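Below is one structure, written out as structure tokens, with a few remarks after it.
Excluded from the calculations below are hydrogen atoms, water molecules and symmetry mates; all remaining heavy atoms, backbone and side chain alike, are included. Since the structure is predicted, the reported quantities are computational estimates derived from the model, not experimental observations. Indexing begins at 1, ligand by ligand and atom by atom, following the structure's order.
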Amino acid sequence: MTRRPLVGGNWKMHLLRADAVAYCDRIRAEAGDLPADAVLFPSAPLLALVARKLGGSSIACGGQDLHPEEKGAHTGDVSGPQLVDAGCEWVLCGHSERRQNHHESDELVERKALAAQQHGLKPLVCIGETAAERESGATFDVLDRQLDAALAGRPEPFALAYEPVWAIGTGATATPEIAQEAHAHIRETLADLTGAEAASTKRILYGGSVNPENAAELFAQPDLDGFLVGGASLDPERFLAIIRSCG
Ligand code: PEP
């Protein structure tokens with residue numbers, strides 16, 4: 001089963017409009033010649049601008065989060081229809097920084113993934129264990145719990161990102177062996193939950209201190225289908241180099 005690689009760039013709370021314009025001009029110039037699907041996840045005030053700058057290219061735009069409800073009194077939140085209106089195709093659900101800093105539960109992540117799907121967005125659901133969970137031998141239990149919850153409402157289609165919390169923004173990238181072991185486990189659990197065929201087509205991205213130097217070795221792992229990149233996605237040349245390592 002061939003899965004076209006997918007690489008996401010999570011800008012988090014970085015970059016201003018002028019940076020985003022220069023970035024999009026640069027990356028757009030290379031868009032016709034990339035070996036992977038690519039999607040940028042800017043923060044909310046930049047979404048419409050980035051989506052417009054990337055419009056008509058093979059590079060998509062996505063939100064970093066959405067509220068599960070369509071509209072309402074939710075100060076500071078962004079809805080699925082608003083993301084679609086801004087030109088988004090994708091949305092991150094359950095990034096560890098949302099789970100940790102905003103106390104998002106597995107159940108809320110599932111509601112967000114389902115809402116995304118209902119509004120025509122592709123949810124990229126993030127799962128991953130903390131350092132303490134890995135040290136206590138609970139990694140697979142945590143992944144199963146998060147996956148089970150994310151799929152409870154059967155959100156589909158979507159991609160998954162395995163992002164060990166201890167590797168995000170720390171420089172402590174998972175070894176290719178650790179990443180492959182987790183990805184293989186996730187695919188097995190997916191097969192139990194959704195059937196072998198669906199599991200074999202699902203793209204599972206790795207995230208956690210990916211950079212142009214370590215990407216190719218990680219990408220060589222059979223169950224790893226691309227990356228979700230934070231810090232290294234802020235520089236278009238480094239982001240392009242990571243995308244090219246999936247060729
Ligand atoms: C992320 O934010 O999803 C991420 C993986 O960040 P970094 O690449 O900086 O570790």
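- With respect to the salt-bridge test (charged N to carboxylate O, under 4.0 angstrom), the residues R203 and D223 do not qualify.
- Atom 5 (C) of ligand 1 has its closest protein heavy atom at E163 OE2, 3.1 Å.
- Every atom of ligand 1 with a heavy atom of G208 under 4.0 Å away is listed here by number and element: 5 (C), 10 (O).
- Between K12 and ligand 1, an N or O atom pair is found at a separation short of 3.5 Å.
- Close approach of ligand 1 to N10 is summarised as follows: ligand atoms under 4.0 Å from at least one heavy atom of the residue are 1 (C), 2 (O), 3 (O).
- Note that K12 lies outside the cation-pi zone of F41, set by a 6.0 Å cut-off to the ring centre and a 45° limit from the axis.
- Remark: minimum distance from atom 4 (C) of ligand 1 to any protein heavy atom is reached at G230 N, 3.6 Å.
- Using a distance-only test at 3.5 Å, with no hydrogens or angles considered, no donor-acceptor pair links the side chain of R98 to the main chain of E104.
- For atom 1 (C) of ligand 1, the closest non-hydrogen atom on the protein side is H95 NE2, 3.2 Å.
- For the pair L234 and W11, the minimum side-chain heavy-atom distance is below 4.5 Å.
- Ligand-side atoms of ligand 1 in range of G231: 7 (P), 8 (O), 9 (O), range being under 4.0 angstrom from any heavy atom.
- Around the CD atom of E217, the shell of radius 6.0 Å holds no more than 12 heavy atoms that belong to other residues, nucleotides or ligands.
- Relative ring orientation between F219 and F227 is described as tilted, the plane-to-plane angle lying within the 30° to 60° band.
- Heavy atoms of S233 found under 4.0 angstrom from ligand 1: none, in either backbone or side chain.
- Close approach of ligand 1 to L228 is summarised as follows: ligand atoms under 4.0 Å from at least one heavy atom of the residue are 3 (O), 5 (C).
- The G169 neighbourhood of ligand 1 comprises atoms 7 (P), 9 (O), 10 (O), with distances under 4.0 Å to a heavy atom of that residue.
- Open room surrounds CZ on R17; 12 or fewer heavy atoms of other groups in view lie less than 6.0 Å from it.
- Ionic pairing of R4 and D225 is not present here: no N-O contact between side-chain nitrogen and carboxylate oxygen is shorter than 4.0 angstrom.
- Distances shorter than 4.0 angstrom occur between a heavy atom of A167 and an atom of ligand 1.
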